[in-house]
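Worksheet: one structure, shown below.
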2 protein chains.
Amino acid sequence: MKRSVPLDELDYRLLDLVQRDAKRPLHELGDEVGLSPSAVQRRLTRLTEAGVIRSTVAVVEPRAVGADLLAVVLVALTDDDPDHHASFRRRMQDEPAVQQCYTIVGQWDYVVVVLTRGIEENRELSYRLFVDGGAVARYETLPAFETVKAGLTVPLGEGPGR
Amino acid sequence: MKRSVPLDELDYRLLDLVQRDAKRPLHELGDEVGLSPSAVQRRLTRLTEAGVIRSTVAVVEPRAVGADLLAVVLVALTDDDPDHHASFRRRMQDEPAVQQCYTIVGQWDYVVVVLTRGIEENRELSYRLFVDGGAVARYETLPAFETVKAGLTVPLGEGPGR
DNA sequence: CGCTTCACGCAAGAATCTTGCGCTGAACCG
DNA sequence: CGGTTCAGCGCAAGATTCTTGCGTGAAGCG
């Protein structure tokens, strides 16, 4: 699950395909790239074991399950104490409503994307994560008015190294 | 692909499972929730046709394909002209390097998450999307130092209506 | 030139998925 | 209360898909 592997053109083509739809049968992918089903399967297995493909998941429509409020939160901690950062990260990782979290450079320390059921749950969540948790100097919540694009597909460009 | 369907406890359990790993065989999912493979399959089909499950995709590790620079960009347009907004959105949707894009309330109009191969590609991209495209008053790029959490799993809570 | 390696296609066997069928229990009348 | 309807279930057979051993050919190397 860790070996670094050089990827060739065919690998990129396959990644591009399964990144869009992972349910297609091997022979279809094979037809598309010009390989037999078994060759496709071996490549995908190799890519998975190498960690290039992290997992295969179902993408759920948030609104269908009541999660209708997405917000981007900018966070600054009180100081650079490694313990504070560590505990903050752990909080982010443990909280299901936190979709993404990045450390950034500049006047803010973190960008956090949270997804909740309505504004009230967002308020509770913000209090729990950014006030009650401690170590947060200030935070600014930017509620999303609309989702223009929500993807997780990695841009693959032409191929190796471009 | 559109009918709204009331989801019960079992649907939530199944969504929770396939959202983590969509490759598990039906009989395994069935064992976990107490259903036969065919019942599981019928439910998943129904959820897919209802649009609750949007798709099933492979999650690719960005660094494995050379995409090593993630940045959050805050964007403000020059005005509220609907045409400007429409063309901006289209640009975001058409650009593979744009991972996510949300309209937000406040002093910025959009939050855009972009993923590129290195800083040079980011610079080119920024120029192309935010300068050359027009209609952008100002933008601020917040390069991510580190990805603390990168998920797309919708928080499902307990079940219907929380 | 002979040896090794690697990825391929093929095909058989295994596993999984799909669907028709009959059953059951809950909800809904009359 | 008894009959009817209907949605969802499990079962099992058939179809599809996945998996893997085997033989082959194209480099790469000594």
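Just so it is clear, the model here is predicted, and its values are computed rather than measured. Below, chain A is the first sequence line, B the second, and so on; all start at residue 1.
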Would a distance-only check, ignoring hydrogens and angles, find a side-chain to backbone donor-acceptor pair under 3.5 Å from B/Glu95 to B/Ala97? yes
Any side-chain heavy-atom pair of A/Glu140 and A/Val73 under 4.5 Å: no
For A/Val112, does its backbone N or O pair with a side-chain atom of A/Gln100 as donor and acceptor, under 3.5 Å? no
Hey, do the aromatic rings of B/Phe145 and A/Tyr102 have their centres closer than 6.0 Å? no
Quick one: on DNA chain C, does B/Arg42 or B/His27 contact a more 5' nucleotide (nearest heavy atom)? B/His27
Nearest-nucleotide pick for B/Pro25, side chain only, options being C/dC17, D/dC18, C/dG9: C/dC17
If Ile, Leu, Val, Met, Phe, Trp and Tyr residues are connected whenever their side-chain heavy atoms lie under 4.5 Å apart, and connections chain through other members, are A/Leu44 and A/Val52 in the same group? yes
Rounded to whole Å, please give me the gap between CG in B/Asp11 and P in D/dA7. 16 Å
Shortest non-hydrogen pair, B/Leu7 vs A/Ala64, comes out as CD1-O, 3.9 Å
Residue-phosphate contact under 4.0 Å: A/Arg43 side-chain N/O, C/dC8 OP1/OP2: yes
Between D/dC18, D/dG10, C/dC8, which nucleotide gets closest to the side-chain atoms of B/Leu35? D/dG10
Please check: side-chain N/O of A/Lys149 versus main-chain N/O of B/Gln93, any donor-acceptor pairing under 3.5 Å? yes
Separation of B/Leu44 atom CG from D/dG8 atom P, in whole Å? 14 Å
Can you find a donor-acceptor pair, distance only, under 3.5 Å between B/Ser38 side chain and C/dC17 base? no
Taking only the side-chain nitrogens and oxygens of B/Gln41, find out if one of them lies under 4.0 Å from OP1 or OP2 of C/dC17. no
Inter-axis angle, terminal five-pair segments of the helix from C/dC1-D/dG30 to C/dG30-D/dC1 [nearest 10°]: 30°
N/O donor-acceptor pair under 3.5 Å between B/Arg91 side chain and B/Leu129 backbone: yes
For B/Glu28 and D/dC18, give me the distance from atom CD to atom P, rounded to whole Å. 17 Å
In whole angstrom, give the distance that lies between atom CG of B/Leu26 and atom P of D/dT17. 14 Å
For DNA chain C, which residues of residues 14-24 of chain B approach it to below 4.0 angstrom with any heavy atom? none
Protein-nucleotide distance (A/Arg46, atom CZ; C/dC6, atom P), rounded to Å: 12 Å
Measure the shortest side-chain to side-chain distance between A/Asp109 and A/Thr103 over non-hydrogen atoms and say whether it is less than 4.5 angstrom. no
